[in-house]
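Position 1 is the first residue of the sequence; numbering continues from there.
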Amino acid sequence: MDTSNLTSLPEDTLEDNEQRAPQQPRPLSAFASRPDRPSTQTSSQKYSALDWKGFFDEEEDIRIPDSDDVFHVYTAGTEGPVVFCLHGGGYSGLSFALSASKIKDKARVVAMDLRGHGKSTTENETDLSIETMCNDVLAVVKAIYGDSPPAIVLVGHSMGGSVAVHVAAKRALSSLAGLVVVDVVEGTALASLIHMQKILSSRVHHFSSIEKAIEWSVRGGSLRNIDSARVSVPTTLKYDDSKKCYIYRARLEETEQYWKSWYEGLSEKFLSCPIPKLLLLAGTDRLDRALTIGQMQGKFQMVVVRHTGHAIQEDVPDEFATLVTNFISRNRIGPRGVEIPGLRRPSQTNP
């Protein structure tokens, strides 16, 4: 079975055969500045980093009270319900950058860097238990919106899809109005876990420049949209001063104890959520028995997005944005929830 697109973990199994140039001083952080080493012919302008500001409107650090946890979020748009995006393992909130630039015309977008990812900093970077990540999401929502959040549509890719489903199943988010899960299904995800450590160990681990990392992500097939990779890949890396190179920011190899809990019982939890649901898949082979039956019973909407890899939101951002905004429109999800003509709703603070 081909597991290249089934999991939440980024996969790049190409071997790094590049000859490194003589070492020169590097910035201490992947976010501090561009590498001072001139790009080689193979990591040319084609693979240069793109700034998030061309896609999101703002970025912000959300400090969680009574803890040292700080979660980084990107926001876009000023009107409509909030499309709250959760990325997959090894990705970052910028995984939704290109699609956010399209969605923000009809809805607000919030994309957070989950624990141990992107620019977020937490006391325990490798505690990726489903319970901890769910609590993180709820804490960020409360920190941003207080006790009167607007209507929220949770959108989760892969590992983030699991988090979205678990948050929805808790029914702890009173304004939750919709759920969009991107390319994660319990059966195939569990079956692929046996291969994860091998995949993680076989991918390229060291990059002489951010451009090289972007190039490898595209050439290796983990991302199929160069522009999206140019935005999203840089925040999946950090600069290792001791090794004088860029390495992956997320220490996924150290989180294996949590992987199974991400996906066990996921299908039943998804089906039990009493809100409009959309499942986006990169292939029909991903449906397991429970979801097949549920889909036949009309319990959720399913769309198979052709000619794309695992990261649907990155590979075809325009199509992804259209699917999300059509889902919002079809289910009449407005700034304060489901809009039913003629129904007067109680007044509610709308940030």
Side-chain angles (χ1 to χ4, degrees), residues 1-11 84-92 95 112 114-117 126-138 154-172 176 179-201 203 222 250-273 275 277-295 299-300 302-305 308-313:
M1 178 179 65
D2 177 14
T3 62
S4 61
N5 291 325
L6 298 186
T7 70
S8 62
L9 308 182
E11 302 157 15
F84 200 98
C85 301
L86 306 174
H87 61 78
Y91 295 79
S92 79
S95 180
M112 70 178 282
L114 293 170
R115 175 178 297 259
H117 292 74
T126 58
D127 178 9
L128 297 188
S129 65
I130 195 67
E131 188 70 21
T132 295
M133 290 192 289
C134 286
N135 289 337
D136 290 344
V137 171
L138 292 171
L154 276 180
V155 177
H157 169 234
S158 206
M159 179 192 78
S162 170
V163 176
V165 169
H166 280 81
V167 168
K170 282 177 173 290
R171 305 191 185 188
L176 187 61
L179 176 63
V180 180
V181 175
V182 185
D183 209 42
V184 58
V185 167
E186 177 182 351
T188 47
L190 286 172
S192 68
L193 289 182
I194 191 173
H195 306 289
M196 278 303 91
Q197 283 291 4
K198 181 179 180 181
I199 290 171
L200 288 172
S201 63
R203 61 181 180 165
S222 59
R251 291 144 53 191
L252 295 173
E253 297 88 344
E254 301 174 30
T255 65
E256 184 175 6
Q257 60 182 308
Y258 305 118
W259 297 349
K260 197 172 182 182
S261 67
W262 296 346
Y263 306 120
E264 281 187 328
L266 190 63
S267 293
E268 290 300 335
K269 285 184 181 296
F270 175 75
L271 293 170
S272 71
C273 295
I275 51 176
K277 298 178 287 291
L278 170 63
L279 178 62
L280 301 180
L281 298 177
T284 53
D285 59 325
R286 283 150 172 71
L287 273 192
D288 56 24
R289 185 173 183 273
L291 289 184
T292 299
I293 295 173
Q295 201 267 335
K299 292 185 177 180
F300 63 93
M302 184 186 78
V303 176
V304 177
V305 185
T308 180
H310 179 47
I312 297 173
Q313 74 280 4

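- Residues satisfying the salt bridge (Lys or Arg N to Asp or Glu O under 4.0 Å) test with Lys260, not counting sequence neighbours, are Glu264.
- Contacts of Ser129 classified as side-chain hydrogen bond (donor to acceptor under 3.5 Å, both in side chains), with partners at least two apart in sequence or in another chain: Asp127, Thr132.
- The CD1 atom of Ile312 lies 5.5 Å from the CG atom of Leu280; values are rounded to the nearest 0.5 Å.
- Scored by the side chain to side chain contact (heavy atoms under 4.5 Å, CB included) test, Ser272 finds no partners at all (sequence neighbours excluded).
- For Gln257, the side-chain hydrogen bond (donor to acceptor under 3.5 Å, both in side chains) criterion is met by no residue, not counting sequence neighbours.
- The side-chain hydrogen bond (donor to acceptor under 3.5 Å, both in side chains) test applied to Lys269 returns no partner, not counting sequence neighbours.
- Side chain of Ser162 to main chain of Trp262: a donor-acceptor pair is present (N/O by atom type, distance under 3.5 Å, no hydrogens or angles).
- By the ring-ring contact (aromatic ring centres under 6.0 Å, His included) test, Phe270 pairs with Phe300, sequence neighbours left out.
- Atoms OG and CD1, on Ser192 and Ile199 in that order, are 7.0 Å from each other to the nearest 0.5 Å.
- Considering only residues two or more places apart in sequence or on other chains, Glu131 meets the salt bridge (Lys or Arg N to Asp or Glu O under 4.0 Å) condition with Lys170.
- Separation of atoms OH (Tyr263) and CD1 (Ile130) is listed at 8.5 Å; rounding is to 0.5 Å.
- Between the side chain of Ser95 and the backbone N or O of Tyr91, no donor-acceptor pair lies under 3.5 Å.
- Contact check for His117 versus Leu252: side-chain heavy atoms found under the 4.5 Å cut-off.
- In this structure, NZ in Lys198 is found 12.5 Å from CG in Leu200, a value given to the nearest 0.5 Å.
- Ring pair His157/His310 is tilted by interplanar angle, where 30° to 60° counts as tilted.
- Looking at heavy atoms from C-beta onward, Leu278 lies in side-chain contact with Val303 at the 4.5 angstrom threshold.
- Between the side chain of Asp183 and the backbone N or O of Leu281, no donor-acceptor pair lies under 3.5 Å.
- Under a 3.5 Å cut-off, the side chain of Glu186 and the backbone N or O of Leu266 do form a donor-acceptor pair.
- Among residues two or more places apart in sequence or in another chain, the side chain to side chain contact (heavy atoms under 4.5 Å, CB included) test is passed with Arg171 by Pro274.
- The salt bridge (Lys or Arg N to Asp or Glu O under 4.0 Å) check on Glu253 picks up Arg203, with sequence neighbours excluded.
- Taking Gln295 as the reference, nothing meets the side-chain hydrogen bond (donor to acceptor under 3.5 Å, both in side chains) condition, with sequence neighbours excluded.
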